[in-house]
2 protein chains.
Amino acid sequence: MSHKLNLDHLDLQIIQSMMENAEISYADLGKRLSVSGGTIHVRIKKLQEFGVVKGTRLAVDMRSLGYDVIAFVGIYLEKSSLYESVANDIKQIPEVIRLNYTTGNYSMFVEIVCKDIIQLKHVLHEQLQNIKGIDRTETLISLEESFRRNPIVYRPN
Amino acid sequence: MSHKLNLDHLDLQIIQSMMENAEISYADLGKRLSVSGGTIHVRIKKLQEFGVVKGTRLAVDMRSLGYDVIAFVGIYLEKSSLYESVANDIKQIPEVIRLNYTTGNYSMFVEIVCKDIIQLKHVLHEQLQNIKGIDRTETLISLEESFRRNPIVYRPN
DNA sequence: ATTGAAAGAGTCTCAGT
DNA sequence: ACTGAGACTCTTTCAAT
């Protein structure tokens, strides 16, 4: 992480392409980017060694599994020094899939995924609110996710 | 349509495992779950047909690519009927990777990924604020991401 | 660093259960 | 529905450039 990475256009194109679809074969991706499959292989191995690439993950449609509710919760702390302790307690709640320490309105900001509103209510009132050091919370419930996409790391022109 | 799929424990275990790491072979995953590799293959094909599985994606450490800044922006609309038009304008901003229509404090909520604060400032002031129909915005900048993980779809016991 | 080809490993299909 | 084996495809290594 302390080393400066020197990534060229080919590296970025590979990343851009495989962030969207990691199933493409090295040979096919090589064809598309005008190099051999062997070169794709070497580059990906390098990116893994450098820690840029962290593996591949199955993309799952959570709604079709019955996880219909996404909520965001802004958290106000009693004292900002309680961050570590509160973060640790929050991590014990499996429905919380993400926690950020933030500037701005809130001290902390979490994302929650649940099967229904009943379960969300349970997480908010029985779990989150009981954590020592949390002053109060504000909840945003997502009625619709308009889009979600990857950052653009390679822009052709 | 998102109901009523009949998925059993095996399906959920496959999903749970491959959400974390999609590189495992069918044979190895089968061993772990006490079935043959062929069965894993059939199940995954079924999950793809049902639309539960949407492919695989490369997991990338954005920070090592120089994308150091994550920000969340809450948006107040002049009228909530402007949602569609504003959503469309927001989608044109490549740094915005996610947009949700929400209840609660804000009408809309976006996530932004940038290389630095300069770029974030540009996105906020030259792009977002110029969109017709946006009343005002509140920005949360992430100072640290404490954790990020997948939802739990299978809990052993 | 990239290539092409051979060796090794994984996916996919199918007949049998 | 699951299994195991054969056919096929992809990954990985490596000598040559």
Side-chain angles (χ1 to χ4, degrees), chain A residues 1-61 64-66 150 153-157, chain B residues 1-61 64-66 150 153-157:
Chain A
M1 162 160 260
S2 39
H3 289 273
K4 182 174 176 196
L5 298 177
N6 222 349
L7 304 185
D8 64 11
H9 283 213
L10 180 57
D11 294 314
L12 295 178
Q13 285 174 95
I14 292 169
I15 293 169
Q16 187 71 58
S17 179
M18 294 190 68
M19 275 198 304
E20 284 151 29
N21 171 22
E23 271 156 359
I24 190 170
S25 76
Y26 294 172
D28 286 351
L29 185 52
K31 255 172 238 160
R32 201 203 283 176
L33 301 177
S34 310
V35 293
S36 73
T39 297
I40 301 290
H41 178 244
V42 170
R43 294 303 187 100
I44 289 177
K45 237 176 74 178
K46 184 189 70 176
L47 291 167
Q48 281 168 336
E49 275 162 24
F50 286 171
V52 177
V53 165
K54 299 288 201 185
T56 68
R57 316 256 182 270
L58 203 66
V60 175
D61 174 39
S64 70
L65 290 180
N150 293 310
V153 299
Y154 180 80
R155 200 179 268 97
N157 62 341
Chain B
M1 182 175 185
S2 43
H3 316 83
K4 204 19 208 176
L5 298 175
N6 223 351
L7 305 183
D8 65 10
H9 283 210
L10 181 57
D11 294 314
L12 294 177
Q13 285 175 93
I14 293 169
I15 292 169
Q16 187 72 56
S17 179
M18 295 189 69
M19 275 199 304
E20 284 150 29
N21 171 22
E23 272 156 359
I24 190 170
S25 76
Y26 293 172
D28 286 351
L29 184 52
K31 255 173 238 160
R32 203 203 283 176
L33 302 178
S34 310
V35 292
S36 73
T39 297
I40 302 291
H41 178 245
V42 169
R43 296 302 188 102
I44 290 177
K45 238 176 74 179
K46 183 190 71 175
L47 291 167
Q48 282 168 335
E49 275 162 23
F50 286 171
V52 177
V53 165
K54 298 289 199 186
T56 68
R57 317 255 182 270
L58 202 67
V60 174
D61 174 40
S64 70
L65 290 179
N150 294 310
V153 299
Y154 179 81
R155 200 180 267 96
N157 62 336

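Below, chain A is the first sequence line, B the second, and so on; all start at residue 1.
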CZ of R43(A) versus C1' of dT12(D): gap in Å, rounded? 17 Å

Taking every non-hydrogen atom, the tightest pair across S64(A) and L5(B): O-CD1, 3.6 Å

R57(B) (side chain) donor-acceptor with N21(A) (main chain) under 3.5 angstrom: no

Not counting sequence neighbours, which residues clear salt bridge (Lys or Arg N to Asp or Glu O under 4.0 Å) with K45(A)? List them please. none

Do R32(A) and I40(A) have side chains that approach each other closer than 4.5 Å (heavy atoms only, starting at C-beta)? no

Check: V53(A) and M18(A) side chains under 4.5 Å, non-hydrogen atoms: no

For a quick test of reading the model, state the closest non-hydrogen atom pair linking L29(A) to S17(A) and the distance between them. CD1-OG, 3.5 Å

Below 3.5 Å is the cut-off: list the nitrogen or oxygen pairs between protein and nucleotides 6-9 of chain D, distance only.
none

Using the 3.5 Å cut-off, write out each protein N or O paired with an N or O of nucleotides 15-17 of chain D and the distance between them.
none

Measure NE2/H9(B) against P/dA1(D) and give the value in whole Å, please. 17 Å

Over 60° means perpendicular and under 30° means parallel, so tell me whether Y154(A) and H9(A) are parallel, tilted or perpendicular. perpendicular

Just checking V42(A): base, sugar-phosphate only, or nothing, at a heavy-atom cut-off of under 4.0 Å? nothing

Is the shortest heavy-atom distance from the side chain of V60(B) to the side chain of L47(A) under 4.5 Å? no

Any chance you could measure N150(A), atom CG, to Q16(A), atom CD, to the nearest 0.5 Å? 7.0 Å

d(CD1, I14(B); C1', dA1(D)) in whole Å: 13 Å

Pull out every residue in residues 22-33 of chain B that has a heavy atom closer than 4.0 Å to any atom of DNA chain C, ordered by number, or say none. S25(B), Y26(B)

Bracket string, DNA chain C, 5' to 3' - pairs by Watson-Crick or G-U geometry under 3.5 Å, | interstrand: |||||||||||||||||

Give the C-alpha distance, both sets of side-chain angles, the deciding distance and a yes or no for side chain to side chain contact (heavy atoms under 4.5 Å, CB included) between L10(B) and T39(B). CA-CA 10 Å; L10(B) 181 57; T39(B) 297; 3.9 Å; yes

Which is the 5'-most and which the 3'-most nucleotide of DNA chain C that has an atom under 4.0 Å from a heavy atom of chain B? dG10(C) to dT13(C)

About how many Å separate CG of D11(A) and CD1 of I14(A), when rounded to the nearest 0.5 Å? 6.0 Å

Take L65(A) and L12(B) through the side chain to side chain contact (heavy atoms under 4.5 Å, CB included) test and state the conclusion after the steps. CA-CA 9 Å; L65(A) 290 180; L12(B) 294 177; 4.2 Å; yes

Rounded at 0.5 Å granularity, tell me how far NZ in K31(A) sits from CD1 in I24(A). 9.5 Å

Does a side-chain N or O from K45(A) land closer than 4.0 Å to OP1 or OP2 of dT13(D), or not? yes

Between L58(A) and M19(B), what is the shortest heavy-atom contact and its length? CB-N, 3.9 Å

Taking only the side-chain nitrogens and oxygens of H41(A), find out if one of them lies under 4.0 Å from OP1 or OP2 of dT11(D). no

